[in-house]
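To start, the structure itself, in structure tokens.
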Amino acid sequence: TQSTRPQRLLGAVQKNATRGDPRSVVQAIDQFCRQKEWAMNVGDEKGCILDSVVSEVNPATVLELGTYCGYSTVRIASLLPPHAKLITLEFNPDFAAIARQVIAWAGVEDKVHLVEGASGDWIPKMTEQFGVKTFDLVFLDHWKDRYLPDTMLMEECGLLRKGSILLADNVICPGTPDYLEYVRSSLRYESQYFKSHLEYTKVEDGLEKSVFLG
Ligand SMILES: O=C(NCCCCCn1ccnc1)c1cc(-c2ccc(F)cc2)cc(O)c1O
Ligand SMILES: [Mg+2]
């Protein structure tokens with residue numbers, strides 16, 4: 001039977017990356033996506049912007065919406081201080097199964113809690129299930145039409161505190177117009193656009209960084 005693209009991506013990690021070396025896992029995935037098959041990881045160019053935001057925030061609690069194969073999960077986890085926690089939500093069980101193996105190969109599983117299910121169902125349960133009061137950093141990279149409703153839900157659930165950072169992928173391509181309009185016009189956010197390109201292509205895309213002002 002035919003393998004899936006996530007399965008082939010995992011194969012490239014197991015073949016070309018060193019167990020326990022997160023940067024080699026990131027490099028192996030980028031090489032696979034440039035040389036073999038495009039895949040919707042945040043990629044190396046936007047990944048550098050993600051790294052700089054993570055390093056600047058130095059978060060104790062991170063929420064990632066949209067795990068896919070775990071590329072950005074590994075990138076973020078490799079930069080977290082000890083005892084920091086990254087909760088990543090994936091709706092698609094096939095993606096989640098691959099991501100668990102990529103995260104394990106990178107050796108960052110102790111910092112990562114991968115949850116399978118819908119963000120709309122899980123966001124209201126974060127505090128009771130994981131003992132998280134607020135998130136220092138949220139990376140939005142899931143269904144583009146869920147960025148806005150899930151951000152409003154996080155506000156309602158009290159998961160954002162003064163200074164929490166939202167970093168959103170794909171605000172140009174595929175695009176998240178309603179989310180962009182909201183965070184750029186709301187008096188409760190201070191937003192900044194980081195111009196870049198769609199992973200592994202010359203198409204414009206970018207990340208929107210928004211600080212919740214409380
Ligand atoms: O759809 C994307 N991501 C969500 C995947 C499903 C999330 C499931 N889930 C997880 C949790 N809750 C729900 C995505 C798409 C593209 C893209 C760009 C151009 C193109 F021609 C085709 C595709 C690029 C990305 O960088 C992306 O992130
Ligand atoms: Mg993306």
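Only this structure's heavy atoms are used, side chains among them; waters, hydrogens and symmetry mates stay out. We count ligands from 1, going down the list as the structure has it; atoms in each ligand are counted the same way. Owing to the predicted nature of the structure, the values given are computational and were not obtained by experimental measurement.
If you check the side chains of Tyr200 and Asp30, you find a donor sitting under 3.5 Å from an acceptor.
Heavy atoms of Ser119 come nearer than 4.0 angstrom to ligand 1 in no pair at all. Heavy-atom separations between Leu89 and ligand 1 include at least one value shorter than 4.0 Å.
The backbone N or O of Gly158 sits nowhere less than 3.5 Å from a side-chain atom of Lys133 that would complete a donor-acceptor pair. Under a 3.5 Å cut-off, the side chain of Arg75 and the backbone N or O of Asp51 do not form any donor-acceptor pair. Side chain of Lys85 to main chain of Asp110: a donor-acceptor pair is present (N/O by atom type, distance under 3.5 Å, no hydrogens or angles).
Nearest protein heavy-atom neighbour of atom 8 (C) of ligand 1: Glu90 OE2, 3.6 Å. Looking only at heavy atoms of the protein, atom 3 (N) of ligand 1 is closest to Lys144 NZ, 3.4 Å. Summary of contacts: the protein heavy atom closest to atom 5 (C) of ligand 1 is Met40 CE, 3.6 Å. Distance from atom 26 (O) of ligand 1 to its nearest protein heavy atom, with residue and atom name: Glu199 OE2, 2.5 Å.
In terms of polar-atom proximity, Asp141 is counted as a contact of ligand 1, with an N or O under 3.5 Å from an N or O of the ligand.
With respect to the Mg ion (ligand 2), Asp169 has OD2 as its nearest N, O or S atom. The nearest N/O/S atom of Asp141 to the Mg ion (ligand 2) is OD1.
Salt bridge status for Lys209 with Glu56: present, with a side-chain N to carboxylate O gap under 4.0 Å. Using a 4.0 Å cut-off between charged nitrogen and carboxylate oxygen, Asp205 and Lys195 do not count as a salt-bridge pair. Using a 4.0 Å cut-off between charged nitrogen and carboxylate oxygen, Glu155 and Arg188 count as a salt-bridge pair.
Ring geometry for Tyr147 against His142 counts as parallel: the plane angle stays under 30°, on a 0 to 90° scale with 60° as the upper cut.
There is no protein heavy atom less than 4.0 angstrom from atom 21 (F) of ligand 1.
The heavy atom nearest to atom 9 (N) of ligand 1, out of those in Trp38, Phe95, Phe91, Tyr68, is found in Phe91. Between the choices Leu198, Asp205, Asn170, the shortest heavy-atom distance to atom 18 (C) of ligand 1 belongs to Leu198.
Side-chain atoms of Leu213 and Glu190, non-hydrogen and from C-beta on, do get closer than 4.5 Å to each other.
When heavy-atom distances to ligand 1 are checked against a 4.0 Å cut-off, Asp169 comes that close only through its side chain, counted from C-beta outward.
Residue contact annotation: Tyr68 places no N/O/S atom under 2.8 Å from the Mg ion (ligand 2).
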